[in-house]
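As the structure is a prediction and not an experimental result, all values here were calculated from the model. Quick note: numbers below take in every heavy atom, side chains included, and nothing from hydrogens, waters or symmetry partners.
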Amino acid sequence: MVAKKQQQNSLADGELFSFEVAFQPNQNNFNSSLYQTEFKRVIELASTYGGAVITVEGHSDPLKYLRSKKKGETGVVLNRIKQSNRNISLSRAQSVKQSVLTYATDQGIALDASQFALVGHGFGNPKTGMCGNEPCAPATESEWRSNMRVVFRIIQLEAESDVFQPL
């Protein structure tokens with residue numbers, strides 16, 4: 001369901017809440033001492049909305065890709081950078097999810113790991129926006145850092161259809 005919504009660019013449909021966690025360049029470790037407030041919020045929302053899916057969406061910065069494109073790198077190199085960005089954003093989403101689950105366990109709270117869905121956007125949805133088919137280049141360090149984030153999205157799913165339609 002999450003993959004289908006991602007392909008349709010409709011992850012926000014059915015969204016109850018969303019919030020972001022920013023991180024540093026090349027960061028792969030998400031220690032609960034640094035993100036305790038955000039982790040508590042995820043646990044609270046997961047407990048409150050047990051029937052909802054919580055997406056953990058990793059994002060990355062497009063600057064290396066844009067610089068390489070400006071230098072005239074080949075399509076192969078540019079595609080490798082795109083894939084690398086998708087990989088790192090998915091890896092970060094996985095690390096954040098695991099850190100939340102570990103933090104919850106340490107607090108004596110049992111969360112259902114299957115309630116979480118991971119998404120690696122790479123730089124396909126930058127905070128700095130899209131300029132045509134490419135991400136817009138960040139103009140400031142603040143804009144650059146704004147792309148390095150994980151978004152938690154709580155999406156309500158309907159368990160049953162509300163209208164009968166024969167199969």
Side-chain angles (χ1 to χ4, degrees), residues 1-35 38-39 41-42 45-46 52-103 111-157:
M1 184 279 308
V2 171
K4 183 178 177 182
K5 286 173 98 49
Q6 182 183 5
Q7 288 174 345
Q8 297 170 341
N9 200 23
S10 64
L11 277 171
D13 292 353
E15 176 184 301
L16 299 172
F17 299 98
S18 69
F19 63 96
E20 297 180 0
V21 175
F23 51 85
Q24 299 299 313
N26 301 311
Q27 181 178 346
N28 291 310
N29 183 13
F30 299 90
N31 188 312
S32 62
S33 65
L34 297 174
Y35 298 99
E38 291 87 353
F39 290 0
R41 187 165 184 204
V42 172
L45 291 168
V53 170
I54 300 172
T55 62
V56 184
E57 303 171 34
H59 297 266
S60 61
D61 153 58
L63 205 50
K64 181 173 182 177
Y65 170 82
L66 294 171
R67 282 187 180 136
S68 296
K69 186 170 183 168
K70 187 175 181 178
K71 284 179 17 183
E73 291 289 354
T74 66
V76 171
V77 171
L78 295 175
N79 285 336
R80 285 183 185 155
I81 294 169
K82 280 183 186 179
Q83 186 60 51
S84 176
N85 274 304
R86 282 190 294 268
N87 292 349
I88 195 168
S89 65
L90 185 60
S91 172
R92 286 178 174 145
Q94 174 63 39
S95 293
V96 169
K97 172 191 167 189
Q98 191 55 53
S99 294
V100 167
L101 293 173
T102 300
Y103 178 75
L111 290 181
D112 180 1
S114 69
Q115 188 178 3
F116 293 82
L118 303 176
V119 179
H121 288 289
F123 54 73
N125 189 10
K127 279 275 214 153
T128 50
M130 295 295 285
C131 295
N133 293 328
E134 299 291 342
C136 296
T140 65
E141 183 174 346
S142 176
E143 285 184 1
W144 171 64
R145 289 185 180 276
S146 74
N147 289 316
M148 294 176 263
R149 68 198 190 283
V150 169
V151 175
F152 287 95
R153 193 181 311 267
I154 292 72
I155 304 171
Q156 185 65 47
L157 300 178

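- Between F17 and R153 there is no side-chain heavy-atom pair separated by less than 4.5 Å.
- The pair K127-E20 meets the salt-bridge criterion, since a charged nitrogen lies less than 4.0 angstrom from a carboxylate oxygen.
- Y35 places no side-chain N or O within 3.5 Å of a backbone atom of V96 that could act as its donor or acceptor partner.
- Remark: L111 CG to L101 CG distance equals 6.0 Å, nearest 0.5 Å.
- Residues N147 and F123 form no side-chain contact, since every pair of their non-hydrogen atoms from C-beta on lies 4.5 Å or further apart.
- A distance-only check finds a donor-acceptor pair linking the side chain of S60 to the backbone of G122 [under 3.5 Å].
- S95 places a side-chain N or O within donor-acceptor distance of the main-chain N or O of S91, the cut-off being under 3.5 Å.
- Put simply, the side chain of R145 reaches to within 4.5 Å of the side chain of Q24, judged on heavy atoms.
- Taking CZ of R80 as the reference point, atom CD of E73 lies at 10.5 Å (rounded to 0.5 Å).
- Considering only residues two or more places apart in sequence or on other chains, F116 meets the ring pair (Phe, Tyr, Trp, His ring centres under 6.0 Å) condition with none of them.
- Within the 3.5 Å criterion, the main-chain N or O of A93 finds no donor-acceptor partner in the side chain of E57.
- Looking only at side-chain heavy atoms (C-beta outward), L78 and Y65 come within less than 4.5 Å of each other.
- Listed for the D61 side chain is no donor-acceptor partner under 3.5 Å among the backbone atoms of M148.
- When every heavy atom of A46 is checked against every heavy atom of I54, the shortest pair comes out as CB-CD1, 3.4 Å.
- For the pair F19/V42, a side-chain contact is recorded, criterion being any heavy-atom separation below 4.5 Å from C-beta on.
- Between the side chain of S89 and the backbone N or O of H59 there is no donor-acceptor pair closer than 3.5 Å.
- To the nearest 0.5 Å, atoms CG (L63) and CZ (R67) are separated by 4.0 Å.
- One N or O on the side chain of E143 and one on the backbone of A139 form a donor-acceptor pair closer than 3.5 Å.
- Residue E38 holds its CD atom at 10.5 Å from OH of Y103, rounded to the nearest 0.5 Å.
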- Verdict with reasoning, F152 to T55, per side chain to side chain contact (heavy atoms under 4.5 Å, CB included): CA-CA 6 Å; F152 287 95; T55 62; over 6 Å; no
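- When side chains are defined from C-beta on, L90 counts as touching L118, because their heavy atoms get closer than 4.5 Å.
- Between the T102 side chain and the Q98 main chain, a donor and an acceptor come within less than 3.5 Å of each other.
- Contact of the T128 side chain with the W144 side chain is not registered, since no non-hydrogen atoms from C-beta on lie closer than 4.5 Å.
- Contact record, F30 with F23: CE2-CB, 3.7 Å, taken as the closest heavy-atom pair.
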- Query: Can you list the steps and then say if Q83 with R86 is a side chain to side chain donor-acceptor pair (under 3.5 Å)?
  - Reply: CA-CA 5 Å; Q83 186 60 51; R86 282 190 294 268; 2.9 Å; yes
